A.B. asks: 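Below is one structure. I have some questions about it.
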Amino acid sequence: MANDSIKTGKRHKKDPIQEKDLQGVKLIHKFIPLLERFHSIKDHHNRELYFDQYICLILLYFFNPILTSLRGIQQASHLEKVKKMLGVKGTSLGSLSEASNVFD
């Protein structure tokens, strides 16, 4: 069999995402000034992820085939290059999951 995980019943962990694996960061950086007006949409005192930052993370997902899930986007949000670009501390999986409903 090609996949040993089927035999053993164990899942193989993917390698963590690294900054060198990301593409399109410079393109996304050009979108930031256009998206700044969305920063205050659905503003809430408890929320640390804003609409403009969420859009940039979704764009990062579309530009990077290495990001295949919400967990991949979350891992990318903790990379220094992405944190600096978006001005976030790194987002949690819960915040990303909730954002799709909040910003709908």
Side-chain angles (χ1 to χ4, degrees):
M1 272 186 157
N3 191 349
D4 290 335
S5 64
I6 294 173
K7 289 182 199 174
T8 61
K10 294 182 183 178
R11 292 183 57 196
H12 294 289
K13 278 192 166 186
K14 291 183 181 180
D15 292 332
I17 295 167
Q18 298 177 0
E19 289 184 11
K20 66 180 177 80
D21 299 329
L22 293 180
Q23 303 171 11
V25 175
K26 289 180 182 178
L27 289 171
I28 294 169
H29 194 70
K30 292 180 180 183
F31 279 98
I32 291 175
L34 299 171
L35 299 173
E36 283 179 350
R37 63 186 174 144
F38 295 116
H39 192 75
S40 61
I41 291 179
K42 301 258 185 163
D43 193 15
H44 189 271
H45 68 281
N46 270 352
R47 191 167 297 120
E48 294 182 23
L49 179 65
Y50 295 94
F51 189 49
D52 59 329
Q53 296 164 338
Y54 176 69
I55 292 172
C56 286
L57 286 171
I58 297 301
L59 286 172
L60 191 66
Y61 167 80
F62 285 122
F63 287 135
N64 288 280
I66 195 167
L67 301 178
T68 58
S69 65
L70 207 54
R71 190 170 304 276
I73 297 170
Q74 185 251 343
Q75 285 179 5
S77 76
H78 286 275
L79 297 174
E80 286 303 316
K81 183 193 283 187
V82 176
K83 289 194 297 189
K84 185 177 178 183
M85 177 183 67
L86 297 180
V88 295
K89 293 187 278 185
T91 56
S92 69
L93 204 53
S95 293
L96 283 171
S97 179
E98 178 189 38
S100 64
N101 290 323
V102 170
F103 297 131
D104 189 17

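This structure is a prediction, so every number in the text was calculated from the model and none was measured.
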A.B. asks: Return the minimal non-hydrogen interatomic distance between Pro65 and Gln23, and the atom names on each side.
C.D. replies: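 That closest heavy-atom pairing would be CD-OE1, 4.4 Å.
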A.B. asks: If you round to the nearest 0.5 Å, how far is CD of Gln75 from CZ of Arg71?
C.D. replies: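 Going from the CZ atom of Arg71 to the CD atom of Gln75 covers 7.5 Å.
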A.B. asks: List the atom of Cys56, the atom of Leu35, and the distance in Å for their closest heavy-atom pair.
C.D. replies: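 So the two residues come closest at SG-CD1, 3.7 Å.
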A.B. asks: The test is side-chain contact (heavy atoms from CB on, under 4.5 Å); show your working for Leu70 and Leu93 and say whether it passes.
C.D. replies: CA-CA 7 Å; Leu70 207 54; Leu93 204 53; 4.3 Å; yes
A.B. asks: Please determine which of Leu57, Asp52, Leu59, Ile58 meets the side-chain contact (heavy atoms from CB on, under 4.5 Å) test together with Ile55.
C.D. replies: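 Between Ile55 and the candidates, side-chain contact (heavy atoms from CB on, under 4.5 Å) is satisfied uniquely by Leu59.
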A.B. asks: Looking at every heavy atom in both Leu67 and Tyr61, which two are closest together, and how far apart are they?
C.D. replies: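 Looking at all heavy atoms of both residues, the closest pair is O-CE1, 3.2 Å.
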A.B. asks: Report the distance from atom CG of Leu27 to atom CZ of Phe63, rounding to the nearest 0.5 Å.
C.D. replies: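 The CZ atom of Phe63 is 5.0 Å from CG of Leu27, to the nearest 0.5 Å.
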A.B. asks: With Val82, which of Leu22, Ile17, Thr91 fulfils side-chain contact (heavy atoms from CB on, under 4.5 Å)?
C.D. replies: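 The option that passes is Leu22.
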A.B. asks: So, for Met85 and His29, which heavy atoms are closest and what is the spacing to 0.1 Å?
C.D. replies: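 So the two residues come closest at CG-ND1, 3.8 Å.
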A.B. asks: I need the minimum non-hydrogen distance between Leu79 and Gln18, along with the two atoms involved.
C.D. replies: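 So the minimum-distance heavy-atom pair works out to CD1-C, 3.9 Å.
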A.B. asks: So, Ser97 side chain and Gly94 main chain: donor-acceptor pair closer than 3.5 Å or not?
C.D. replies: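 Answer holds: no.
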A.B. asks: Hey, could you give me the OH/CD1 distance between Tyr54 and Ile73, rounded to the nearest 0.5 Å?
C.D. replies: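 Answer for the OH-CD1 pair, Tyr54 versus Ile73, is 7.5 Å.
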A.B. asks: Minimum heavy-atom separation for Lys81 and Glu19, please, with both atom names.
C.D. replies: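 Nearest pair, atom of Lys81 first, then Glu19: N-OE2, 3.1 Å.
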A.B. asks: Nearest 0.5 Å, what's the CG-NZ distance between Leu49 and Lys89?
C.D. replies: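 Leu49 atom CG to Lys89 atom NZ measures 11.5 Å (nearest 0.5 Å).
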A.B. asks: Under the criterion side-chain contact (heavy atoms from CB on, under 4.5 Å), I'd like the reasoning laid out for Asn64 against Asp21: C-alpha separation, chi angles, the key distance, then a yes or no.
C.D. replies: CA-CA 8 Å; Asn64 288 280; Asp21 299 329; over 6 Å; no
